[in-house]
Chemist: 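Got a structure here, written out as structure tokens. Questions coming.
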Number of protein chains: 2
Amino acid sequence: MMELTRKGEYAIRGIIYLAQQPPGRVSLISEIAAAAEVPQTFLAKIFQSFAKLGLVTSSRGTGGGFVLARPASAITLREVVEAVEGPILPNRCLLGSACDRGGPCRVHAVWKQVQTEVVHILDGVTIDTLARNQDS
Amino acid sequence: MMELTRKGEYAIRGIIYLAQQPPGRVSLISEIAAAAEVPQTFLAKIFQSFAKLGLVTSSRGTGGGFVLARPASAITLREVVEAVEGPILPNRCLLGSACDRGGPCRVHAVWKQVQTEVVHILDGVTIDTLARNQDS
DNA sequence: ACCTTTAGGACCAATTTGATCCCCTTTATA
DNA sequence: TATAAAGGGGATCAAATTGGTCCTAAAGGT
């Protein structure tokens, strides 16, 4: 359980590639897709989400493409993952203060703790860090 | 992301009910399903998994049913969740020591950390604790 | 024998995931 | 002002997963 989907994997691979480019360099989606080994049309959707959330800046037309909207050191893994997978919510009952079957559910506090820990870990990792690791 | 499925929810609700019964008392699947408000046939499958993993003991025929195989204080939330949802693996690459695209993936260490933390939290919660919480 | 109760497999519908396609808009430049 | 080069966004679709039912078999009590 708790598996990241392909979408999440692709998102991470794609944005890491962007982070490895010289600052300000515009990358085509086709280029990113090829480098990250991800289906291009699928990655395009992912980068649309990034753009809407302000993680990357997109420009259209000739010479267009994608650039990081912020320094890679200011983009966290959590932002990237949540951009495509939605918020980190281990259990539905974290959505409200109470579960649907009456009072607060017994495991509520546990899931809350899991959520907090995971968010904390992912917030502590920036794309910059990931991009600088020895390449594969 | 990281959501527990219905199956996981049902599993927890069901085993908590069992834990709330007087020690040694045999419960019918129909009884558990009604109390936990879970589809009976679906819960039956879940309890089959529990039985195979030795979390509960099942007996057939008249007077048969389910009992906890161990004290509720010796059954962790992790065991219950993993029984029906599979192992806690935030990313596929935790399965092997390396990812499929060459060397160890950049985020590998992060997912490993997430896994370790989540497992640690869920290992620290027993069904007994959950069963004793004020009821809803 | 017969009834009760779980075991296990086959099966099925709904949802989610993973992707593709097509047309539209934007933009640079010939 | 064409025209080619991008990304934007919706529709669509197949595969996988989830959530759930049904039926028959096996086991155990009376």
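Each chain gets a letter, A, B and so on, in the order its sequence line appears, and its residues count up from 1. The structure displayed is predicted, hence computed values, not measured ones.
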Chemist: So, OP1 or OP2 of dA27(D): does either fall under 4.0 Å of a side-chain N or O from Ser59(B)?
Modeler: no
Chemist: With a 4.5 Å limit on heavy-atom distance, are the side chains of Leu4(B) and Ile12(B) in contact?
Modeler: yes
Chemist: Could you go step by step and tell me if Gln21(A) and Tyr17(A) meet the side-chain contact (heavy atoms from CB on, under 4.5 Å) rule?
Modeler: CA-CA 7 Å; Gln21(A) 302 316 301; Tyr17(A) 175 82; 3.2 Å; yes
Chemist: Grab the CD1-P distance between Ile46(A) and dA19(C) for me, whole Å please.
Modeler: 9 Å
Chemist: Please check the phosphate of dG19(D) (OP1 and OP2 only) for any side-chain N or O of Tyr10(B) closer than 4.0 Å.
Modeler: no
Chemist: Starting at CD of Glu3(A) and ending at P of dT17(C), how long is that distance when rounded to a whole Å?
Modeler: 12 Å
Chemist: Between Lys7(A) (NZ) and dA16(D) (P), how many Å, whole number?
Modeler: 19 Å
Chemist: Closest-nucleotide mapping onto DNA chain C: is Lys45(A) or Thr62(B) further toward the 5' terminus? I mean the 5' end.
Modeler: Thr62(B)
Chemist: Can you find a side chain N or O atom of Thr5(B) that sits less than 4.0 Å from OP1 or OP2 on dG19(D)?
Modeler: yes
Chemist: Starting at atom CD of Glu9(B), determine the distance to atom P of dG19(D), rounded to an integer number of angstrom.
Modeler: 9 Å
Chemist: Reckon Ser30(A) touches a base, only the sugar-phosphate, or nothing at all at heavy-atom distances under 4.0 Å?
Modeler: nothing
Chemist: May I have the distance from Leu28(B) (atom CG) to dT4(C) (atom C1'), rounded to whole angstrom?
Modeler: 9 Å
Chemist: Would you mind reading off the distance between Gln40(A) atom CD and dG8(D) atom P, rounded to a whole angstrom?
Modeler: 13 Å
Chemist: On DNA chain D, compare the nucleotides closest to Gly63(B) and Glu85(B); which residue's is nearer the 5' end?
Modeler: Glu85(B)
Chemist: Measuring from the side chain of Phe42(B) (C-beta onward, heavy atoms only), which nucleotide among dG20(D), dT6(C), dA6(D) has the closest atom?
Modeler: dG20(D)
Chemist: For Phe66(A), which of Val26(A), Val56(A), Leu55(A) qualifies under side-chain contact (heavy atoms from CB on, under 4.5 Å)?
Modeler: Val56(A)
Chemist: Can you check the Arg13(B) CZ to dG19(D) C1' distance for me, whole Å?
Modeler: 14 Å
Chemist: Within the 4.5 Å heavy-atom criterion, are Val38(B) and Ile32(B) side-chain neighbours or not?
Modeler: no
Chemist: If you look at every strand shown and take non-hydrogen atoms under 4.0 Å, does Thr41(B) touch a base, only sugar-phosphate, or nothing?
Modeler: base
Chemist: Would Val84(A) and Tyr10(A) satisfy side-chain contact (heavy atoms from CB on, under 4.5 Å), going step by step from the backbone distance to the final call?
Modeler: CA-CA 10 Å; Val84(A) 296; Tyr10(A) 295 167; over 6 Å; no
Chemist: Taking atom C1' of dT25(C) as reference, at what distance in whole Å does atom CD of Gln48(A) sit?
Modeler: 12 Å
Chemist: Is it the case that dT25(C) (base atoms only) and Arg60(A) (side chain only) share a donor and an acceptor within less than 3.5 Å, ignoring hydrogens and angles?
Modeler: yes
Chemist: Under 4.0 Å between any heavy atoms, over every strand shown, what does Phe47(A) touch: base, sugar-phosphate, or nothing? Just pick one.
Modeler: nothing
